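Below: the structure, in structure tokens.
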Amino acid sequence: MSSQIEHELAPQYEPGSIEPEIYARWLAAGAFDAHAGRSSRIGGDRPPFTIVIPPPNVTAVLHMGHGLDETVQDVIIRWRRMAGDEALWVPGTDHAGIATQNVIEKQLAVEGKTRFDVGRAAFISRTEEFVRLTGGSILEQLHAIGASCDWSRTAYTLSPELSSAVREAFVRLYEKGLIYRGHRVIHWCSRCLTSLSDEEAEHEETTGTLYHVRYPLLNADGTVDAAEGVTVATTRPETMLGDVAVAVHPEDDRYRHLVGRNVLLPIANLPIPVIADAYTDPAFGTGVVKITPAHDPNDFEVGMRHGLPMPVIMTGPGEMRDEPDATPRRVPTDLTGIDRFEARERIVASLGAQGLLARRETHLHAVRHCYRCDTVVEPRLSDQWFVRTAPLAAPALDGVRRGDIRILPERHHAVYINWMENIRDWNISRQLWWGHRIPVWYCDRCGGEPLVSREDVSACPTCAGPVRQDEDVLDTWFSSWLWPMSTLGWPDTDSEDIRAFYPTDVLVSGPDILFFWIARMIMAGYEFMGRRPFHTVYLHGIARDPSGRKMSKSLGNGIDPLDVVRLFGADALRYTVIAGMGMGVDVRLDPDDLEKSFTPGRNFATKLWNIGRFLLGSVGREPVAPLATIDSSRLTRADAWILDRLKVAFAECDAALGAARPPGGEESAWPADERFAGLRLNEYTETARRFVWNELADWYVESTKSRLTPDAEDREVARSVLVHVFDAALRLLHPVVPFITESLWQRLPVSGHSPDAVLATQRWPVRHGDHAVRAREFAVVQEAVMAIRQLRADYALPPGRAVEV
RNA sequence: GGGCGAAUAGCUCAGCUGGUUAGAGCGCCUGCCUUACACGCAGGAUGUCGGGGGUUCGAAUCCCUCUUCGCCCACCA
């Protein structure tokens with residue numbers, strides 16, 4: 001008897017020795033390989049189901065954010081794979097323009113150099129080398145958490161293929177008039193030395209100072225009118241060197257008489273006019289605004305309306321300086337070359353000394369910062385490339401509004417709509433070196449229109465003279481917005497993959513890149529493919545520490561998923577985050593107490609392992625008879641009950657997961673009742689847990705023990721039911737805890753498995769006969785048992801002692 | 001300034017379209033090393049579902065309002 005319960009399974013789940021082996025087995029079995037030919041879109045017999053990974057930065061190191069994001073995707077893709085879809089999960093990385101360039105620049109800084117010291121070509125090859133050596137290691141790390149990506153399709157935004165997609169997109173938009181060169185005020189990072197898009201310049205509440213500065217009135221002869229003047233309020237006094245006017249509201253009686261006269265711009269000592277413009281709010285401050293067209297987007301508009309000059313008085317790195325050909329000169333010698341913040345102090349001091357500083361007050365306002373280096377962004381007039389977004393936004397807006405694309409959880413739907421309705425043109429040029437060079441060439445000899453080309457241009461087609469390529473590179477997001485198409489072969493719309501797998505299905509991400517990436521992918525999908533890129537956007541929560549702070553490298557409160565895998569296994573990590581995360585809700589984990597944080601997953605993994613250990617030991621190695629061959633009259637009440645519970649569990653799991661795609665077919669929108677339903681992964685997981693633990697283990701296994709002894713009468717029936725139910729349970733749980741389920745499933749005593757069969761590609765459980773009636777009989781037994789247990793506990797009877805009932 | 005979300009057991013959270021004694025995990029209490037599992041088993045305690053008002057036969061669930069947190073967006077100098 002004891003030999004029967006002997007087994008080779010360790011008493012505790014040992015992930016370290018099991019998981020790598022299982023992962024290798026999946027790879028060897030080709031379990032994650034998607035085959036275009038099997039897609040029903042091109043004649044196959046399986047509905048395709050595709051997820052593209054949000055490509056991590058190529059230099060990234062795995063953190064909990066990835067752990068969470070990738071686990072969600074893996075659960076979904078494994079579910080669909082088992083449901084019989086041709087499931088494809090496309091992996092890849094993003095070259096991450098600014099982020100990666102910053103990494104290399106930091107390396108150079110250690111050597112006391114800047115990128116300008118080494119030069120563009122050397123800088124790029126150095127970066128490429130760095131990426132070659134370290135890039136993609138994050139994808140390797142994903143193996144450890146069980147990610148079932150099709151690695152043969154690994155993509156990279158800077159690969160030759162995706163680079164040509166980027167050029168194609170640029171040229172097409174240019175030819176349609178949707179990309180243009182714009183001269184306007186953009187956000188400028190004086191540390192990264194590049195322009196930024198609106199999204200990349202993040203607002204940050206800051207307590208600053210509002211300075212009230214007096215600009216004396218000038219008489220017609222240029223002398224100062226001692227009696228009068230105007231006072232302007234500014235938070236950035238240093239920009240006054242670029243002032244070309246002061247504006248008052250046209251209907252403001254206080255200042256009406258001053259319009260047309262000049263005031264004296266202090267420090268620069270220049271006369272500037274008083275103009276009337278409705279932009280001015282008479283109620284704010286003094287009702288007088290200084291106009292600095294080159295360093296403020298609103299002032300730029302005013303400047304355009306009034307035909308004012310637009311002097312730039314600050315350099316790229318943020319030092320005060322006139323442009324070389326500037327007339328008149330505005331930056332005094334003693335301020336030239338001085339950093340903008342230092343200049344601010346000096347100007348304020350000087351104004352104070354001259355009695356021109358009327359007042360200073362603390363002022364709470366939102367200052368934009370560079371999203372990559374947190375430097376205060378400077379509005380700056382420059383020439384940049386822009387995407388005209390309004391025409392792209394229209395279909396993207398309509399698509400989401402009508403349910404062509406649903407956004408989960410529901411509350412993000414409105415956020416998307418609001419953003420898309422107020423979208424502004426997208427600055428796509430960056431003054432960086434790492435990225436896709438803008439495919440535009442200029443001929444300085446004949447100076448004609450810029451040449452925008454898919455192919456490199458080596459000579460001017462008009463005058464055969466030399467050409468030079470635009471120095472700038474494209475915003476990193478200009479390549480990632482094509483990701484669902486470019487990874488499948490676009491612009492070749494005849495490619496097998498794009499026909500088989502586009503549109504993709506679910507896009508999983510954190511809400512932080514809804515605008516950066518998701519909204520733009522939607523625009524690109526409709527623009528370039530004429531169809532949605534996916535039908536579902538699933539936005540999950542983010543990882544926070546116990547005090548609610550977002551986990552981040554800089555705060556040092558992050559968790560390395562690989563530590564968790566090492567300690568408790570990938571399944572414990574996966575179970576914990578999936579079970580503990582309501583849709584769109586942040587998950588709290590304690591980096592200082594991993595054991596506590598991952599207890600739910602660890603406990604569940606161990607429990608499942610032990611159920612398997614007991615079950616495999618008791619049923620033995622002899623293959624069981626398939627349940628279908630057992631006459632239903634031989635089933636006990638307990639058998640009927642567990643089969644009924646299994647059926648209910650399937651139904652509840654299916655309901656929680658919902659429809660995998662819009663039910664109306666390829667081009668259909670989501671019907672209202674399914675619009676915001678489905679993908680409730682935590683409910684699915686909880687249902688599966690309850691079934692396996694509270695029903696299968698606590699009741700069925702316990703009540704079946706006596707039937708499993710070697711000489712028990714209906715041992716064969718019990719073995720069949722047990723193996724059948726456990727097999728189904730392993731399938732049900734596999735998407736969440738793939739390693740343990742695979743490991744146990746491999747050992748099930750069933751005949752007919754091919755030697756290389758893996759659970760990962762088995763079918764999601766199918767429904768069975770109706771056992772509800774007899775199941776109710778067992779429920780009566782349960783009631784009785786629970787009543788007895790309660791009595792035992794109440795009277796403190798030891799479990800060993802028999803009780804007469 | 002605009003928009004959104006959250007407030008449910010000691011902690012972290014589920015409670016979908018209002019309807020039997022409000023749930024889970026962790027923690028806590030009692031008893032169990034019952035040879036699958038003490039990372040476990042059995043039993044148990046703990047909630048005027050943020051405050052106030054309303055709709056309804058009936059509300060944690062719908063409406064209004066207040067309070068406290070949090071998030072997103074934003075060209076008021």
Side-chain angles (χ1 to χ4, degrees), chain A residues 1-2 5 7 9 11-13 185 198-199 202-203 210-211 232-236 239 246-247 279-281 283-292 296-301 363 365-366 368 379 409-415 417-419 422 424 511-512 514-515 542 544 546 548 550 568 572 576 579-590 595-618 655-656 658 673 676-678 680 682-683 686 689-690 694 697-698 701-702 705 785-786 788-794 796-800:
Chain A
M1 154 117 190
S2 65
I5 302 183
H7 39 67
L9 298 183
Q12 282 208 352
Y13 176 59
V185 174
D198 293 342
E199 290 68 35
E202 296 178 330
H203 287 282
L210 188 61
Y211 301 92
V232 301
T234 178
T235 53
R236 297 184 295 145
T239 63
V246 296
Y279 154 69
T280 307
D281 176 1
F284 186 91
T286 58
V288 186
V289 189
K290 62 194 270 302
I291 301 299
T292 323
D296 185 285
N298 295 309
D299 295 3
F300 175 77
E301 297 299 325
H363 182 68
H365 61 149
R368 286 185 184 257
E410 184 173 1
R411 69 191 132 91
H412 291 295
H413 170 89
V415 176
I417 296 292
N418 181 56
W419 185 81
N422 297 295
R424 283 177 295 170
D512 50 331
L514 179 58
F515 308 140
I542 59 171
R544 296 185 179 277
K550 186 175 175 176
F568 314 117
T576 301
M581 193 170 65
M583 185 180 289
V585 178
D586 297 340
V587 56
R588 286 186 189 223
L589 300 165
D590 188 351
E595 177 156 359
K596 186 183 170 199
S597 298
F598 293 94
T599 291
R602 186 200 57 172
N603 290 1
F604 181 70
T606 305
K607 183 68 183 183
L608 182 58
W609 181 255
N610 274 298
I611 294 168
R613 198 159 73 96
F614 170 75
L615 188 145
L616 293 170
S618 341
D673 61 330
F676 299 109
R680 300 192 302 269
N682 57 328
E683 286 182 38
E686 167 55 19
R689 184 208 67 84
R690 187 205 66 214
N694 302 128
D698 289 350
V701 168
E702 288 303 327
K705 278 180 173 172
V785 171
M786 285 192 281
I788 293 166
R789 281 177 182 166
Q790 199 170 335
L791 287 171
R792 274 185 179 279
D794 291 350
L797 295 176

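From a predicted model like this one, the values you see are computed outputs, not experimental measurements. To find a chain, count down the sequence lines: A is the first, B the second, and so on, and within it residues start at 1.
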Of all heavy-atom pairs between [X] and [Y], which one has the smallest distance, and what is that distance?
X         : Y         : answer
Asp299(A) : Thr292(A) : OD2-N, 2.7 Å
Arg680(A) : Ala655(A) : NH2-O, 3.7 Å
Ser597(A) : Thr576(A) : O-CG2, 3.4 Å
Arg411(A) : Gly584(A) : NH2-O, 3.2 Å
Arg544(A) : Asp586(A) : NE-OD2, 2.6 Å
Lys290(A) : Val232(A) : N-CG1, 4.0 Å

Name the nucleic acid region contacted by [X], choosing base, sugar-phosphate or nothing; use a 4.0 angstrom heavy-atom cut-off, strictly under.
X         : value
Ala366(A) : base
Gly601(A) : nothing
Val585(A) : sugar-phosphate
Lys705(A) : base
Phe515(A) : sugar-phosphate
Arg602(A) : base
Ala233(A) : base
Ala697(A) : base
Asp698(A) : sugar-phosphate

Using the [atom1] atom as the reference point in each nucleotide, state the distance between [N] and [M] in Å, no decimals.
N      : M      : atom1 : value
C28(B) : U35(B) : P     : 25 Å
U61(B) : G25(B) : P     : 25 Å
C4(B)  : G27(B) : C1'   : 33 Å
C33(B) : A38(B) : P     : 13 Å
C29(B) : G19(B) : C1'   : 34 Å
U55(B) : G40(B) : C1'   : 50 Å
U21(B) : C64(B) : C1'   : 31 Å
C41(B) : U34(B) : P     : 14 Å

Measure the distance from [atom1] on [X] to [atom2] on [N] and round it to the nearest whole Å.
X         : N      : atom1 : atom2 : result
Asp586(A) : C4(B)  : CG    : P     : 20 Å
Asn418(A) : C73(B) : CG    : C1'   : 7 Å
Lys290(A) : C75(B) : NZ    : C1'   : 14 Å
Ile417(A) : G3(B)  : CD1   : C1'   : 14 Å
Glu301(A) : C75(B) : CD    : C1'   : 9 Å
Asp512(A) : G5(B)  : CG    : P     : 20 Å
Phe284(A) : C76(B) : CZ    : P     : 10 Å
His413(A) : C73(B) : NE2   : P     : 18 Å

Are any of [X]'s side-chain N or O atoms less than 4.0 Å away from OP1 or OP2 of [N]?
X         : N      : value
Arg588(A) : C11(B) : no
Arg368(A) : C75(B) : yes
His203(A) : C75(B) : yes
His363(A) : A77(B) : yes

Can you sort out the partners of [X] under ring pair (Phe, Tyr, Trp, His ring centres under 6.0 Å), two or more places apart, ordered by chain and number?
X         : result
Phe604(A) : Tyr575(A)
His203(A) : none
His413(A) : Phe676(A)

Item checked: Side chain to side chain, Pro600(A) and Arg689(A), heavy atoms closer than 4.5 Å -> no

Check: Is there a side-chain contact between Thr599(A) and Phe568(A) (heavy atoms, below 4.5 Å)?
Finding: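 Thr599(A) vs Phe568(A): side chains apart.
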
Margin query: Under 3.5 Å for both pairing distances: what stems, at least three Watson-Crick or G-U pairs long, include RNA chain B?
Written below: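 As far as RNA chain B goes, consecutive pairing (with distances under 3.5 Å) yields the stems B:1-7 with B:67-73, B:10-13 with B:23-26, B:28-32 with B:40-44, B:50-54 with B:62-66.
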
Checklist line | Lys596(A) bridged to Asp590(A) by N-O distance under 4.0 Å | finding: no

Next item on the list: Name the residue closer to the 5' end of RNA chain B, choosing between Thr606(A) and Val288(A) according to the nucleotide with the nearest heavy atom.
Entry: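 Its nucleotide being nearer the 5' end, the pick is Thr606(A).
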
Check: Passes side-chain contact (heavy atoms from CB on, under 4.5 Å), Leu514(A) versus Val415(A)? Steps please.
Finding: CA-CA 9 Å; Leu514(A) 179 58; Val415(A) 176; 4.1 Å; yes

Mind listing the N/O atom pairs, protein and nucleotides 15-21 of chain B, below 3.5 Å?
residue: C16(B); atom: O2; partner: Arg680(A); partner atom: NH2; Å: 3.3

I want to verify a distance call: between [options], whose nearest atom is closest to the [X] side chain?
X         : options                : answer
Val289(A) : A77(B), C4(B), G40(B)  : A77(B)
Arg424(A) : C72(B), C75(B), A36(B) : C75(B)
Val415(A) : C75(B), C72(B), A77(B) : C72(B)

Note to self: Whether the side chain of Asn418(A) engages the backbone of Ala414(A) through a donor-acceptor N/O pair (distance < 3.5 Å, no angle test) should be reported.
What the structure shows: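 Not confirmed, Asn418(A) side chain does not pair with Ala414(A) backbone.
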
Identify each atom pair where a protein N or O and an N or O of nucleotides 23-26 of chain B are less than 3.5 Å apart, giving names and distance.
residue: C26(B); atom: OP1; partner: Asn603(A); partner atom: ND2; Å: 3.3

Next item on the list: Apply side-chain hydrogen bond (donor to acceptor under 3.5 Å, both in side chains) to Ser618(A) and Lys705(A), showing your working.
Entry: CA-CA 8 Å; Ser618(A) 341; Lys705(A) 278 180 173 172; over 6 Å; no

